[in-house]
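Taking it in order: structure first as C-alpha cells, then the write-up.
Here the structure is a predicted model, which means the values were calculated and not measured. Quick note on labels: first sequence line is chain A, next is B, and so on, each numbered from 1.
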Amino acid sequence: MYGWVGQLLRVNLSSGECRVEKLDPALARDYVGARGLASKILYDEVDPQVDPLAPENKLIFMTGPLTGTMAISASRYNVVTRSPLTGAIAASSSGGYFGGELKYAGFDGIIFEGKATEPVYLWIEDGAYELRPAGELWGKNTHETEEAIKAATCPNARVACIGPAGEKLVRFACVINDKHRAAGRSGVGAVMGSKNLKAVAVRGHGGIKVADGPAFREAVLAALAKIKANDVTHGGLPAYGTGVLVNVINAHGGLPTRNFQTGIFAGASKISGEALAENYLVRKKGCLACPIACGRATLVPRGPYAGHGEGPEYEALWSLGADCGVDDLAAVTKANYLANELGYDPISFGATLACAMELYEKGYLPAKDTELPLEFGNAAVLVETARKVGYREGIGDLLAEGSYRLAERYGHPELSMSSKKQEYPAYDPRAFQGIGLNYATANRGGCHVRGYTIASEVLGIPVQTDPHSPEGKAALDKAFQDLTALVDASGMCLFTTFALGAPDIVSMLAPATGVPYTEETALLAGERIYNLERLFNFSAGLTKEDDTLAPRLLAEPMPEGPARGKTSALAQMLAEYYQVRGWDEEGRVTAATMERLGLA
Amino acid sequence: MAKLLVVDQDKCTACRRCELSCSFKHTGEFNPAAARLSVAAFLDDDYYLPVVCQHCDEPACQAVCPAGAISRDEKTNAVVINEDRCIGCRMCIMACPFGAVDYSVAEQKVVKCDLCQGEPECVLNCPWGALEYKEPAGQALGKRLQMARRVQAALREVV
Ligand code: SF4
Ligand code: SF4
Ligand code: SF4
C-alpha cells in the first residue's frame with residue numbers, strides 16, 4: 001500500500017497476545033485513517049453500551065495515510081475509544097513525533113483490548129513488539145515515564161503515556177506523547193489507565209512510500225506556499241501561538257469568564273498570547289512536518305510558579321485563566337505544566353474548577369467539602385487544585401469527575417457548562433451562534449475542534465459570516481464538521497485549514513495513497529465518518545435530548561459587550577441542521593442517508 | 001565563492017521537514033533515518049540545531065578515504081561519494097567531525113549530502129529559512145548583532 005503502511009498491531013492485554021493484521025484496503029479507502037479508520041473498528045468491534053472503563057472497551061491508536069510524510073503538518077494520530085466522561089465515542093488527536101515514528105516502526109495503528117493484570121507498556125521497534133512490565137513506572141508523571149522508558153529502550157524512542165491522572169481514572173485524563181503533546185479530550189487516558197497500560201514506545205527506521213512521488217511533491221510545495229502566504233498560519237499563530245486569540249475573542253465579547261457568567265474578562269490582555277510571548281516564550285516549535293509552529297516552549301524563570309515546559313495554548317489560557325477569573329499568567333502557565341505532567345485535559349479541568357467556584361460562591365458547595373476557598377480569581381487555589389486533581393486528592397477527587405457530575409452532586413447540574421457532559425472550550429455560544437450549534441451536536445460532546453466555525457465567524461475563513469446570526473449556520477457547521485473529519489482522518493493538523501481547503505488536501509491525499517480521491521469523494525468520506533460516530537452514539541443511548549446546550553446559554557442573555565442581550569438560537573439552528581444532515585426529526589441517521597454514505 | 005548550506009539555529013522549529021524532504025529526494029521514501037542531515041533537537045533544553053555537511057575546504061572524509069571515492073563536484077562544490085568506487089569501509093563516518101556521513105540501513109550504503117546537484121531540497125522545504133543555500137560570507141552577521149545587543153543590555157544594567 002502507499003501512504004498507509006498496511007499493517008495494524010492487535011494487542012490483547014488480558015492474554016498478553018499480540019497479532020499483526022493486514023489493513024483492509026477497501027476500509028482504508030472509505031475511512032481514510034486515524035479518526036475515521038479507528039472509529040470504524042470501534043463501531044464494528046465494541047458494544048456501544050460497554051462500560052468505558054471495563055476490559056471490553058477497546059482503545060485504538062491510529063495514524064492517517066499522510067502521517068509521517070512531508071504533507072503539511074502531517075504529524076497526527078488519533079486515540080479512539082468509548083469515553084468515560086461522555087459515554088459517547090471519543091476521538092482525540094495529537095501531534096508531536098509519536099505518530100510518524102509508529103509508521104516508521106511498521107504500523108498504521110494499534111488496537112488494545114482487554115486489561116493487563118499488572119501495569120505494562122508496549123515497546124515496538126522496527127516491526128518487533130513486546131509487552132514489558134511497568135510496575136516501576138506506575139505513579140510516575142508523564143515526563144519521568146518518558147525518560148525512564150527511553151533509558152530502558154532507546155534514546156530516540158517516541159513515547160505516548162499516561163500520568164497519575166490516567167492511572168487514577170480522572171474522567172478527563174489524556175494520553176501525552178513527546179512530553180507536551182496530548183490526545184487531550186474525553187478521557188482517553190482514563191481508558192488507558194483502566195487497562196493497566198502505562199505507555200506505548202516506538203522506534204523505527206522504515207520509510208513511507210507514496211504512489212505518485214512527483215505529483216505528491218508538487219502538491220506539497222504548492223500547499224506550503226499557501227501556508228507561507230497566509231497571515232494566520234505564517235503570522236499570528238507562529239508569533240503568538242493559539243493564544244493570539246485571547247484578545248480577539250475578548251473583543252468580540254465571547255471569552256467565557258467566571259463559568260460563562262459573562263463574555264468579557266478584564267484581565268484578558270494579561271493572559272494573552274502576546275503577554276506569553278513577551279514574558280515566558282523561549283522559542284516557537286513545530287510538530288513533525290509542521291510549517292506553522294504554534295507550539296510554545298516556555299519558561300517561568302522565578303517566583304512561586306517557576307517552571308519549564310510548553311504552552312499554555314489558547315484553550316488553557318482561557319480555561320485556567322478567564323474562566324476561573326485568574327489573570328496571573330505565571331499561575332496559569334504553572335497549572336498548564338501540571339496538566340501535562342500529571343496527564344489531564346486543562347480545558348475540562350479549568351471549566352470544572354470554574355463550575356466548582358460558582359457552586360462555592362453561591363453556597364451550594366459547602367466549605368466543609370473543600371479545604372480550599374474556591375473563589376474566582378484565586379491563583380493559589382488554581383495551582384493547588386491543578387495538582388490535587390491529578391492525584392484525586394481531597395477536593396481533586398470531586399473535580400476529577402468533571403463538571404457535570406460535580407454540579408449534579410450538589411443539586412445544580414445546570415451550572416455545568418457542558419454538552420454530553422463534556423466541558424465547553426473557549427467561545428461563548430451567545431456571541432458566536434455557529435459554534436453553539438457545533439457544541440450541541442459534536443459527536444464527542446462540547447468541543448470546538450469538530451466544526452470550528454470561529455474560522456468563519458471571526459476570521460472570515462473561508463467567508464465571513466455574522467457571528468450573531470443563526471442564518472446559514474446549520475450548513476456551515478455541517479461543512480466544517482465533514483471537512484474536519486477528513487482532515488483528522490488524513491493525519492494532517494486542523495490548523496492547516498486556515499490556509500488550505502479540501503482541494504489542497506485532496507491534492508496531497510490522492511497521489512500519496514494512489515486512491516483517486518476527488519474533492520467530492522473525500523468530503524463524502526468525512527461525512528461518512530461523522531455519521532458513523534453518530535450511529536455509535538445513538539446505539540450508546542444518546543438521543544436528540546443530548547444535542548443541547550447548558551440552560552444558561554439558552555436563557556440568560558449575555559450581560560455586556562458586543563453580544564449583550566444575546567442568547568443561543570439553538571432550537572432554530574438544530575431543526576435546520578438535522579435537515580441538511582439528512583437525519584429525521586429525532587436526529588437519527590435515516591436509512592436513505594445511510595444508503596448514500598455506504599453505511600447501510 | 002561557492003554556495004553552501006547555511007544554518008540559522010534560532011529560526012529552526014524542530015519540524016524536521018528538511019529530514020523528510022531529504023530522505024524522499026534520495027530514497028523515494030519518507031524516512032528521517034535515511035536523511036543526509038539531522039536536526040539535533042534537545043527538546044528539554046529548547047535547543048534545536050540542524051546538523052548539515054559543511055562541505056569543508058579540506059574534507060576529513062576525503063582525506064581518510066582509502067579508495068579515493070570522495071571528491072569535490074566541480075559544478076556545485078559539494079563533497080560527494082562516488083558509489084562505484086566506495087568499498088564500504090566506513091572510515092569517512094569515523095573521520096567526519098559533524099557526523100555528516102552515515103551508513104544508511106535502508107539503502108545499505110554510506111551516504112552523505114550532495115547538495116542535491118545545486119538545488120537543495122531541504123532548503124526548499126524549510127518553512128522558516130533556518131536553512132539557506134548561499135555563500136557563507138556574512139553568516140555571522142546575525143550573531144554579531146545579537147552579541148552587540150547583549151552587550152548593550154549588560155551595559156544598561158551596570159551603567
Ligand atoms: S565508506 Fe566509502 S566513501 Fe567512506 S571512506 Fe570508505 S570507501 Fe571512502
Ligand atoms: S542539500 Fe540535499 S542532500 Fe544535502 S541535506 Fe539538503 S536535501 Fe539532503
Ligand atoms: S525544516 Fe527548517 S525549521 Fe524545520 S527542522 Fe529543518 S531546519 Fe528546522
Quick one: of B:K25, B:E19, B:E121, who has the most non-hydrogen atom pairs under 4.5 Å with chain A?
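Ranked by heavy-atom pairs under 4.5 Å with chain A, first place is B:E121.
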Donor-acceptor contact below 3.5 Å, side chain [X] vs main chain [Y]:
| X | Y | answer |
| --- | --- | --- |
| A:D108 | A:G6 | yes |
| A:S75 | A:Y97 | no |
| A:T142 | A:E341 | yes |
| A:T298 | A:G311 | yes |

Can you tell which part of [X] gets under 4.5 Å to a heavy atom of chain B, answering side chain, backbone, both or neither?
| X | answer |
| --- | --- |
| A:K179 | side chain |
| A:A71 | backbone |
| A:L288 | both |
| A:I292 | backbone |
| A:E146 | neither |

- request: Using only heavy-atom distances, determine whether the side chains of B:D44 and A:H143 contain a donor-acceptor pair under 3.5 Å.
  value: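 Checked: B:D44/A:H143 side chains show no N/O donor-acceptor pair below 3.5 Å.
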Scan side-chain atoms only and decide if B:Q146 and B:R149 contain a donor-acceptor pair under the 3.5 Å cut-off.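 On atom types as modelled, these side chains do not qualify, holding no pair under 3.5 Å.
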Query raised in the report: Under the 6.0 Å and 45° cation-pi test, does A:R181 pair with A:F98?
Result: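 Here A:R181 fails the 6.0 Å and 45° test against A:F98.
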When [options] are compared by non-hydrogen pairs under 4.5 Å with chain B, the top option:
| options | answer |
| --- | --- |
| A:P238, A:G100, A:G295 | A:P238 |
| A:G309, A:G206, A:C290, A:C287 | A:G206 |
| A:K228, A:H180, A:E101 | A:K228 |
| A:N156, A:D178, A:V282, A:L299 | A:V282 |

- Indicate the ring-plane relationship of B:F24 and A:F216, choosing parallel, tilted or perpendicular according to the 30° and 60° boundaries.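 Taking A:F216 first and then B:F24, their aromatic rings stand perpendicular (interplane angle over 60°).
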Segment of B:A34 engaging chain A (4.5 angstrom heavy-atom cut-off)
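Contact with chain A involves no heavy atom of B:A34 at all.
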Q | Portion of B:C126 that has a non-hydrogen atom of chain A nearer than 4.5 angstrom | A |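 Contact with chain A involves the backbone of B:C126 alone.
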